[in-house]
Amino acid sequence: MPQKVIQAHEKIMSSVLANQPDVRGRFGPYGGRYVPETLMAALAQLDDEYAKARADDRFQSEFEHYLKTYVGRPSMLYFAERLTEEAGGARIFLKREDMNHTGAHKINNCIGQALLAKRMGKPRIIAETGAGQHGVASATAAALFGMSCQVYMGEEDVRRQQLNVFKMKALGATVTPVTSGSRTLRDATNEAMRDWMASVAHTHYIIGSVVGPHPFPRIVRDFQSVIGREAREQCLEQLGRLPDTVVASVGGGSNAAGMFYAFLDDAQVELVGVEAAGRGEGLGQHAATLSHGKPGVLHGTFSYVLQDSDGQTAAVHSISAGLDYPGVGPEHSFWKDTGRVRYTQVGDEEALRMFSTCSRLEGVLPALETAHAVAEGMRLASQRGRQDAVLICFSGRGDKDCYEVARLQGEEIGSL
Amino acid sequence: MNPIDALFQRLRAHGRKAFMPFLTAGDPDLAATSRFAAALAECGADLLEIGFPYSDPIADGPVIQASYTRALERGARVENIFETFSHFPVHNIPLVAMASYSLIHRLGAETFLDRAAQSGFSGAIVPDLPFEESEPLSRLAAARDFKLIHLVAPTTPRERARAIAQRSTGFLYCVSVAGITGERDRLPTELIDQLAWLRGQTDIPLCVGFGVSKPEHVRTLREVADGVIVGSAFVRLMANDDPQSLDAVKSLARSLIEVL
């Protein structure tokens, strides 16, 4: 979409909801910066540089250029006829972020942030990754712009996601297994922040979701908001109107934030975020931060978090590595409290069933994260009539999950 | 008078510098922490910094982080730490809590400060609560004459460092290196410049931590700082609760105090 259209739409979006965060990085009470003093100067620099980049037409045009020619945007809006039939209600439309280069929405943010790093003159980027999608997208952007890249990944995840580890290495990145704490995404994030503490002068940290200290939640949301802007335009073009419901999965919440942002001021459009219900309601059995958590501090931001009664971060579980995170972006916390977005849950089994249903009915393998959103979208569609439209953010493709799904089904795909 | 103020007043009157070791509460268990702490006090430590284990300590290096993980795995709870130090046998040494804002927020800032004060703590360092976010906690602490010790880093611009020094109470924690806690071979020369500059800006005691572990470091810092904080080097020695570890802790403490 041309820059003029973006600016026109942002001008229209004048509500309090859309004009967040404030200068201190607060979305209502959420957000802010809870980080060691060592990082404060780098965050201030990032904030300044980003404000300039945001207002700079050249920067925006360059970003759009890479989105178009490299990522392959705009991604399609696809009418899922057979899923619609199966649900037996509203028409279901998929915003196909799986069609992006590297197979998910993550690349939008990585291209934007790598361009920012370039603008700041920082030749090295670091990233954290859980399942490896953000790591692969970061390694890809680093390769594209000739930067060095180091990806932190929990030792557990390295073992489970060998294909993505191989891809990152092939792209020229260094993958550092993290052996501290729970050896998963949370610890990979801690380790990336520790690296950044010592390397801020020449390193940019590409955080993978709308989490972390200000200005990251805002930057990531802005770079991902292309999803919602395109989808909104496409709905107007293809359906002649806005969708009735928009559904997206929420781990840290970047695809959902990017999708919802453009619809915030469309009061008639229902927005639904889907968290991972995992395998039960007890702490440690799920990753449904907004549904079960409380406001607290994790990874530099004040937001809902899953903690024990002392404030120690809780263990989480989801079949989907991308949703398996004990925190959530501060803007989602704000949207939850204001009631603008409704947050629901889908569990492991239902997501696994949808992985297979969606694959068989549409010929599209969804990522397990995406399968959560599709399951909820199907449920909501079944409660509505054919004249209504449900828009689902199809955040990524399922290739990365084939090993895990096969294992759960008792099959084995030859190891790498 | 708050014991931290009293300490620095006394030290300055005698031209001495503060030796401030750091211990992780609950590693290997709270009884051992209390014994190690008492031994450090006997050796001549001037102030003890007690680390409250936290699951996601982003400012800490591998040694302290691993000790936090061990302490949490062995069931260390915030309330048990308060309980342990409310029975701490050494009374004439100020205790400072090093606690993530996550823990303080969850317990409630007022409850945390009240429980800390009741348990013998005179101040707290909250490493993930920068200046901008600290005002509410500063106000609550000031109302209790409880010190809230702020940090400046090598990356802190000078104007900001001045503002932080004004907000800090008790002392100012000067982070020696841009990076995480942990032992290092040498201290950066910019640190000495920063300390000399800060000295001209504020009267508050300047104490240096992160990377301080050797007598050479202490000898250098003695000239420009009011105190040194030594963490990882001790935490490493205190992972095991046995007589050899206790001896090693004492001998490291003595070797550092000797040069102060």
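First the proteins, then the strands, lettered A, B, ... as listed; each starts at 1.
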query: Are A/M40 and B/R160 side-chain neighbours, meaning at least one heavy-atom pair lies under 4.5 Å?
result: yes

Contact leader toward chain A among B/P57, B/S100, B/P157, where contacts are heavy-atom pairs under 4.5 Å: B/P57

- prompt: Nearest 0.5 Å, what's the CD1-CE distance between B/I180 and A/M193?
  reply: 14.0 Å

field: Side-chain touch A/E37/B/Y173, heavy atoms, less than 4.5 angstrom
entry: no

- line: Under 4.5 Å to a heavy atom of chain B? For A/D308 that would be both

- prompt: Using non-hydrogen atoms only, which part of B/P130 is less than 4.5 Å away from chain A: side chain, backbone, both, or neither?
  reply: both

message: Counting only heavy atoms not in B/E79 (residues, nucleotides, ligands), do more than 12 fall under 6.0 Å from its CD?
response: yes

message: Can a donor-acceptor pair be found, under 3.5 Å and without considering hydrogens, that links the side chain of B/E133 to the backbone of A/R33?
response: yes

Residue pair B/T69 / A/S180, side-chain heavy-atom distance below 4.5 Å: no

message: If you count heavy-atom pairs within less than 4.5 Å of chain A, which of B/T155, B/I58, B/I104 leads?
response: B/I58

query: Is the backbone of B/D60 close enough, under 3.5 Å, to the side chain of A/R194 for a donor and an acceptor to pair up by distance?
result: yes

field: Side chain / backbone / both / neither for B/A66 at chain A, heavy atoms under 4.5 Å
entry: neither

- prompt: Counting only N and O atoms by type, is there a donor-acceptor contact under 3.5 Å from the side chain of B/S102 to the main-chain atoms of A/V297?
  reply: yes

Which portion of A/V200 sits near chain B, non-hydrogen atoms under 4.5 angstrom: side chain

Heavy-atom pair of closest approach, residues B/A59 and A/P36: CB-CG, 3.6 Å

- request: Kindly say whether A/Y34 contributes a backbone atom to a donor-acceptor pair with the side chain of B/D128 at under 3.5 angstrom?
  value: no

task: Give, for atom CG of A/D310 and atom CZ of B/F52, the distance between the pair rounded to the nearest 0.5 Å.
output: 10.0 Å

query: So what's closer than 4.5 Å to chain B heavy atoms on A/S199: side chain, backbone, both or neither?
result: neither

message: Pair B/R106, A/Q312 - check side-chain contact (heavy atoms from CB on, under 4.5 Å), show working.
response: CA-CA 9 Å; B/R106 189 57 188 250; A/Q312 309 291 356; over 6 Å; no

query: Salt-bridged, A/R186 to B/D56, with N to O below 4.0 Å?
result: yes

field: Side-chain (B/S55) to main-chain (A/T313) donor-acceptor, under 3.5 angstrom
entry: yes

- prompt: Which answer fits B/V126, side chain, backbone, both or neither, if we ask what part of it has an atom under 4.5 Å from a heavy atom of chain A?
  reply: neither

message: For B/R186, I'd like to know if atom CZ has over 12 heavy atoms of other residues, nucleotides or ligands within 6.0 Å.
response: no

message: Check whether A/T38 reaches the backbone of B/A153 with its side chain - one donor and one acceptor, N or O, closer than 3.5 Å.
response: no

field: Heavy-atom proximity to chain A below 4.5 Å, by part of B/E132
entry: both

query: Side chain, backbone, both or neither: which part of B/L72 has an atom under 4.5 Å from a heavy atom of chain A?
result: side chain

- request: Determine the minimum heavy-atom distance between A/G296 and B/H105, stating which atoms define it.
  value: CA-ND1, 3.9 Å

- request: Measure B/L103 against the heavy atoms of chain A and call it side chain, backbone, both or neither at under 4.5 Å.
  value: both

